[in-house]
Protein chains: 2
Amino acid sequence: MKHPLRQHIEEIIKLTNEEFEFILSHFETTTKRKHQYILQEGEIADKEYWIAKGCLKSYFFDESGKEHILQFGMENWWITDYESFVKQSKSKINIDCIENCELLYITYENREKLTKEMHKMERFWAKKSKFGRIALQNRILSLLKNSSKERYELLLEQYPKLFQRVPKKLIASYLGVSRETLSRLNS
Amino acid sequence: MKHPLRQHIEEIIKLTNEEFEFILSHFETTTKRKHQYILQEGEIADKEYWIAKGCLKSYFFDESGKEHILQFGMENWWITDYESFVKQSKSKINIDCIENCELLYITYENREKLTKEMHKMERFWAKKSKFGRIALQNRILSLLKNSSKERYELLLEQYPKLFQRVPKKLIASYLGVSRETLSRLNS
DNA sequence: ATTAATTTGTGACAAATGTCACACATTAAA
DNA sequence: TTTAATGTGTGACATTTGTCACAAATTAAT
C-alpha cells in the first residue's frame, strides 16, 4: 500500500521508492483541531500544506467585516496562501480548519531545495501551478457567466461531499451570495 | 537598443546576446488588423502570442448569446487560451484584435522544445505561470469582495490606458456588469 | 460628404439579491 | 442534562442590477 502522498504525486510523475522517501524527508506532519488556524492575515505563508485528512477554508474579511471564502481544502488537496508563499510577502488571508485535520507540510526553503535537487519535482509543481491556474480561470468564467443558482448547482455536482461537511453559510460565501439568498435558491 | 521581447524576458531572467537570439529563433512574427481573430472557439490553441503592439480581447459567449470578456491584452502581455494551450484541448474561447496588432508567437511544439533546451526558459515560464495565477486569484478576490463600482474604479486606477483604447461596453463585460449599469456608475 | 454601423446615455420597469428581524433546529460546551 | 453557541429558513422591505426601448453622439465605410 503506497503512501497517499506518493499516490497523489504519481498521478503526475512516476517515482522510485528512493525518490519518494527523499521527497518525504522534506515534509513534516502535523495535526490540527477544528477551529484551529494554520495561517493568519499578516503572516508570511512559509509552508504549503497537503491535506491527508480533514477540511479547511481559506478566507478573508472585507472592510465591512464580511467573510469571503476563497478556497476549501479537502483530502489530497494542497492549501496555502499561494501569493504569500510564492512572493514570501505578508498574507491577506486566513486559513482555518473546519474539521480536525491531519496535514503534511513543506516549508518554502525545503521546497526550493527540493526543486533544485530534483528536477522531477520542479516539473510536478510547474504542472500543479498550471492546473491551479486553469481552475481559477474557470472559476472566473463561472462567476461571469453563471447565475448564483447555476453556480450553486455546478458546485453541488462537482463536490457533493462538500455539502455534507461544510455549513451552507460557508458555501454561500464561496459562491459570493448571502446565506439567505442561497437558502432560497432551492425553492 | 534591446529588442522589446528581450527587455520583457530580462525582467525575470538575464540573457546573453546568444541566448536571446536562440530564444527568438523559436518565435515567428505576424500582423493582424482590427477585428481579425487569432483563436476561435473549437480550435486548439497551438500558439502563445506576445503582444508587441496593439490590443486584443479573449472572450466567450454564454447560452443566451451574451459576450463575456476574460482578458484584455496589450503591449508586453502574453495572450492565448491558457487551458487549451496547456492541455492541447479544444478551446472554449475566442481571441480577437480590437486594434491593429503586431504579434510574436511561439508554437506549442517550439515552446516545449525551448523549455527542454534551455532551463532558464522553463524557469521563466514557471514564474510567469505563478504570477498569472496570482493575478487570477486577485481577480476572484475582487469579484467576491468589491461592488461593481469599486471594481470599475480599481480597473480605472490600474489600467487607465485601457479606457482610452477600449469601448466601455467591453469594460462592462470584463467587470461582469451590463453596459447600462456601468454607464450609470459614474453618477 | 453621405450613409451605415457602433457606442453611449437614460428612462421605466422587472428581477435578483442584500439586509434586518425573528423563530426554530442542530450542535457543542459545561 | 442543561445551557450556550451556531446554523438554517423565511417574511418584509430596500437596494442593486438587468432588460428593453429609444435617441443622440461618435466612428467607420462607401
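In the text below, chain A, chain B and the rest are named by the order of the sequence lines, each starting its count at 1.
Closest heavy-atom contact between B/I106 and B/F85: O-CE1, 4.4 Å. The heavy-atom pair separating B/Q40 from B/N94 by the smallest distance is CA-OD1, 3.6 Å. Residue A/S91 comes nearest to A/L39 through the heavy atom pair OG-CD2, 3.6 Å, listed as atom of the first residue, atom of the second, then distance. Among all heavy-atom pairs drawn from B/D81 and B/K92, the shortest one is OD2-N, 3.8 Å.
Under the 6.0 Å cut-off for aromatic ring centres, B/Y152 and B/F163 qualify, their centroids lying closer than that.
Using a 4.0 Å cut-off between a side-chain N of Lys or Arg and a carboxylate O of Asp or Glu, A/E67 and A/K57 qualify as a salt bridge. Using a 4.0 Å cut-off between charged nitrogen and carboxylate oxygen, B/E28 and B/K47 do not count as a salt-bridge pair. Here B/E75 pairs with B/R165 in a salt bridge; the nearest charged N to carboxylate O distance falls below 4.0 Å.
Atom pair A/L182:CG and C/dT17:P shows a separation of 11 Å (rounding to whole Å applied). Distance NZ (B/K145) to P (C/dG18): 18 Å, rounded to an integer number of Å. The interatomic distance linking A/Q164 (CD) with C/dT26 (P) rounds to 17 Å, in whole Å. Between A/D96 atom CG and D/dT6 atom P there is a gap of 13 Å when expressed in whole angstrom units. To the nearest angstrom, P of D/dT17 lies 12 Å from CG of B/N146. If you measure from atom NZ of A/K168 to atom P of D/dT10, you get 11 Å, rounded to the nearest angstrom. If you take CZ of A/F163 and C1' of D/dG7, they are 16 Å apart, rounded to a whole angstrom. Across the protein-nucleic acid pair, B/H68 atom NE2 and D/dG18 atom C1' stand 12 Å apart, rounded to whole Å.
Comparing the helix axis at one end of the helix from C/dA1-D/dT30 to C/dA30-D/dT1 with that at the other, each defined from 5 consecutive pairs, gives an inter-axis angle of 60° (nearest 10°).
Looking at residues 171-180 of chain B, you'll see B/R179, B/E180 sit with a heavy atom under 4.0 Å from some atom of DNA chain C.
Side-chain atoms of B/R151 and base atoms of D/dT17 include no donor and acceptor less than 3.5 Å apart. Between the base of C/dG18 and the side chain of A/R184 there is no donor-acceptor pair shorter than 3.5 Å.
In this structure, A/K149 does not reach the C/dT17 phosphate: none of its side-chain N or O atoms is under 4.0 Å from OP1 or OP2. The side chain of A/S148 places an N or O atom within less than 4.0 Å of a non-bridging phosphate oxygen (OP1 or OP2) of C/dT17. Contact annotation: B/K169 side-chain N/O to C/dT7 OP1/OP2 distance is under 4.0 Å. Considering only side-chain N and O atoms, A/S183 lies under 4.0 angstrom from the phosphate OP1 or OP2 of D/dG9.
A donor-acceptor contact closer than 3.5 angstrom is absent between the side chains of A/Y49 and A/T30. There is no side-chain donor-acceptor pair under 3.5 Å between B/T80 and B/Y105.
Atom NZ of A/K32 sits in a crowded spot, with more than 12 heavy atoms from other residues, nucleotides or ligands closer than 6.0 Å.
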### Summary
The contact string for nucleotides 24-30 of chain D, one letter per nucleotide 5' to 3', using protein heavy atoms under 4.0 Å with B, S and - for base, sugar-phosphate only and none, comes out as ----S--

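The main-chain N or O of A/L185 is found under 3.5 Å from a side-chain atom of A/K149 such that the two form a donor-acceptor pair.
Comparing D/dG7, D/dT19, C/dG18 by their closest approach to the side chain of A/P167 singles out D/dG7.
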